[in-house]
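Since this is a predicted model, take the numbers as computed values, not measurements.
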Amino acid sequence: MGRIINPGLKVTKSIIEQHPELNGRGVAREVSIKLPRGLHSRPSARLAQLAQNFEAAISIISENGEADAKSMLDVLSLAIPVNSVAIILAKGADADMAVEEISAFLSKARE
């Protein structure tokens, strides 16, 4: 179970309960996308750069599918719009930290 640093983010357990298909796939956290233009090229590039700092395999899941968070083009292909919800999923040695930092980045991103 991931440690919660930002109280505005939902706890990992509830995501697994809401999405049982994620059970056993790693650490997951739900995050709201508040970017006015959705997850467009600039924040997608920053997300991919941040994700590449971790050894864990990291995915971002939206209603449009699942993508490798370490690939800007994969993230862009999801076309995640403003006010939608995405799930950050990570598996590996630093999965907790990866999910925490990426979720914090996405919840604070405003450009």
Engineer: Would a hydrophobic clustering, with Ile, Leu, Val, Met, Phe, Trp and Tyr connected at side-chain separations under 4.5 Å, put V31 with F105?
Structural biologist: yes
Engineer: Do L50 and I80 belong together in a cluster built from hydrophobic side chains that touch within less than 4.5 Å?
Structural biologist: yes
Engineer: Measuring from atom CZ of R46 to atom CD1 of I102, what distance do you get when rounded to the nearest 0.5 angstrom?
Structural biologist: 15.0 Å
Engineer: Quick check on the hydrophobic clustering: are L76 and L39 connected, directly or via other members, by side-chain heavy-atom contacts under 4.5 Å?
Structural biologist: no
Engineer: If you measure from CD on Q49 to OG on S44, what distance do you get to the nearest 0.5 Å?
Structural biologist: 11.0 Å
Engineer: From L47 CG over to S71 OG, what is the distance, rounded to the nearest 0.5 angstrom?
Structural biologist: 10.0 Å
Engineer: So, does S103 use its side chain to make a donor-acceptor pair with the main chain of E100 at under 3.5 Å?
Structural biologist: no
Engineer: Using a 3.5 Å distance criterion without hydrogens, assess whether the side chain of D94 forms a donor-acceptor pair with backbone atoms of E55.
Structural biologist: yes
Engineer: Got a donor-acceptor contact below 3.5 angstrom from the Q52 side chain to the K70 backbone?
Structural biologist: yes
Engineer: When hydrophobic residues are tied together by side-chain contacts of less than 4.5 Å, even through go-betweens, does L35 share a cluster with I88?
Structural biologist: yes
Engineer: Give, for atom CD of E66 and atom OG of S77, the distance between the pair rounded to the nearest 0.5 Å.
Structural biologist: 11.0 Å
Engineer: Rounded to the nearest 0.5 Å, what's the gap from CG on L78 to CD1 on I33? Could you check?
Structural biologist: 10.0 Å
